[in-house]
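This report concerns only the one structure given below.
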Amino acid sequence: MNQKLQQAQFALEQLKAQRGNTYYPDFHLAPPAGWMNDPNGLIYFDGLYHAFYQHHPMSADWGPMHWGHATSHDMIHWQHQPIALAPGNDYDRDGCFSGCAVNDNGILSLIYTGHVWLKEAGDDSAIREVQCLATSTDGIYFEKQGIVLTPPDGIMHFRDPKIWQENGTWWMVLGARDAANCGQTLLYKGNSLREWQLDRILAHADVDGGYMWECPDFFPCGDHHYLMFSPQGIQQNTGYQYRNRFQSGVIQGHWQQGSAFIQNQKFTELDNGHDFYAPQSFTAADGRRVIMAWMDMWESAMPSKQEGWAGCLTLPRELFERDGHLCQRPVIEAKSLRQQSQPIEPHSVSQTEVLLDHSSAIELELVWDISQSNAERYGIALGNKVGDGLELYIDSQSQRLVLWRHYPEYELDGYRSIPLPASDKLSLRIFIDRSSVEVFVNDGDAAMSSRIYPQPNERKLMLFASHGSAVISEGMLWQLK
Ligand code: FRU
C-alpha cells in the first residue's frame, strides 16, 4: 500500500473508533466513518459484487476524494475493504472523482476522473479534469496507470466516465459542460481502455436543461436505451417537479453503435423523494440491470456528521420495463434481510393505531384499498405521534401520495409527492432504516427515497386516518437484519 493510502486508512480507523451509531444504517451501505457520496465502479467481478464510492476518510465533510470499497456476495450484505484510491499524483492531486469499473480481460480496471483545482480549492471556474486508469490483479489493491483521456478544446468540466464493451468495442459516456454552460453527455469509442476517440455529443441540454450533466450512464433495458444522468441547474418550477437541489433521471430512446441517440421522451426523474443522486447501473450475476444511488442531496443538512460519518447508498434496485415505462424494485436478494414477520389483517383504520413501539430496521408491505377509503388523509407515521417526524400518506383531495418529513431540530422539513396511480388499490413496499425511508409504489411504478432522523425514542410506527376511514386489504411487517 502506498503512503497516501496508508495515511488515509489510518485516519479512517481513528474516525471509526469514535463513530456514533444512532443514525448509522443497519442494512444500507455507508462508509466505515467519514464522508461518502456517489457510488462508483459498481461491478460483478469474479464471483463477487464490488461497490466503490466517493469517500473522504479524514472527516465527515466532503474533501479530497478517495475511493472507498466494499464487497458482497448478494449486493445486500457488504464487507468493507481497504480504501482503493487516494489522490496525490499530479493529475489527480485534488481528488479521484467518480467513475466506473470494468473487467478488461480478467483485470479489474477502474476509470475515474483526476481532479485538480487550478486556483483556490473549491473554485469551480478553474479546474483540470482528465480520465485516469487504475488496475488490480487481486480485486483489492490498485495500481494507478495514469491519464487515458484529456478534454477536448474549450471544455473544462469533464468527468464521471462510465464504460461498457459491446462486440469487442469499448464505449464511454462522460459528463461535460460546454462553453455556453450547458450540460452534455459525450460519447467516446475505444480500441482499448487507453485509446479513445470522440464519437459524438450523445445528448445535450436545452436552455432549461441544466449547466452540467454529472454521472451519465447509458444502457439498454426492455425495448429501449436509457441515458441516465444527474443534471445540475435545472430550475425548480412552481409545481411538484424538480424540488431537490439537483436531479437524477433518464431520457428514454433508441440507440445502436455508430448512430445517434434517438430520444422519444423528455428527461424524467427516477425517484421522487428528497435524497437520491448520482445513480449508477451495473449488470448483476444473472444479467439484471441494477442501480444504486447516493441517498443524500448536495447542500442538505446531514445530522449524522455529528456522529463522524455522512452518506449512504440506496438499496440496489432492479430496473425493468412495464408497458414501455421504466420501473424499479429492490433486488430480490433484499428478502434475505427479513426476520420475524407480523401480519397486518385486512381492516378499516379510522384512528391512530400503533403497529410497533420501536422500529429501527423494518420492511412494510401495505395495500390500501383507495376505492373503499374516504378519509381525507391516511397512511403511516414514524415518530412519537402523528404529525411529528415522518408521514407517508394518501391525500384524497389532491389525489397524491405524500412523503413528509419534519425534523426541525435539523432544519429538515417538507414534503415530496407523486400522483396516485389510476387504480383502486395502492400497494406500497416501504423500507425503514435508522436514517432513511425508501418507498416503492405499485411494484416499481415509482420510488421515493428520503433521509430521516428520528431519535431512538421517536420510532413508533403507526397507521392513521383522519376525517374518515381507510381500508387496508393486505399487510405484512418484517423486522430486518
Ligand atoms: C456528483 C459529483 C461528480 C464528481 C463527484 C465528486 O455528485 O459532483 O460529478 O465526480 O461528485 O465527489
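Whatever order the structure lists ligands and atoms in, that order sets their numbers, starting from 1. Values reported hereafter were calculated over all heavy atoms of this structure, with side chains retained and with hydrogens, waters and symmetry mates removed. Everything numeric in this text was worked out from a predicted model, so none of it was measured.
Atoms of ligand 1 found under 4.0 Å from any heavy atom of D38, numbered from 1 in the order shown, are 1 (C), 2 (C), 3 (C), 5 (C), 7 (O), 11 (O). Which parts of ligand 1 touch M65 is read off a 4.0 Å heavy-atom cut-off, strictly below it: atoms 12 (O). Against a heavy-atom cut-off of under 4.0 Å, S98 is close to the following atoms of ligand 1: 5 (C), 10 (O). Atoms of ligand 1 lying under 4.0 Å from any heavy atom of Y277, numbered from 1 in the order shown and given with element: 1 (C), 7 (O).
For the residue pair Y242 and Q247, no side-chain donor N or O sits within less than 3.5 Å of a side-chain acceptor on the partner. Checked by atom type, the side-chain pair E143/T135 shows no donor-acceptor distance below 3.5 Å.
Heavy-atom distances between W298 and ligand 1 reach below 4.0 Å in at least one pair. For the pair D160 and ligand 1, a heavy-atom separation below 4.0 Å is found. For the ligand labelled ligand 1, residue W294 lies outside the 4.0 Å heavy-atom shell.
Using bins of under 30°, 30° to 60° and over 60° for the plane-to-plane angle, the ring pair H224/H254 lands in the tilted bin.
Of the residues R243, R245, R405, R451, the one that meets the salt bridge (charged side-chain N to carboxylate O under 4.0 Å, His left out) test with D275 is R405.
Classification of R177 and E129 as a salt-bridged pair fails, no side-chain N sitting under 4.0 Å from a carboxylate O. In this structure, E318 pairs ionically with R329, as a charged nitrogen and a carboxylate oxygen lie closer than 4.0 Å.
Protein heavy atom closest to atom 8 (O) of ligand 1, with residue, atom name and distance, is E214 OE2, 2.8 Å.
The distance criterion of under 3.5 Å between nitrogen or oxygen atoms is met by Q54 with respect to ligand 1. Between N37 and ligand 1, at least one N/O pair is under 3.5 Å apart.
For CD of Q256, the number of neighbouring non-hydrogen atoms (other residues, nucleotides, ligands) closer than 6.0 Å is 12 at most.
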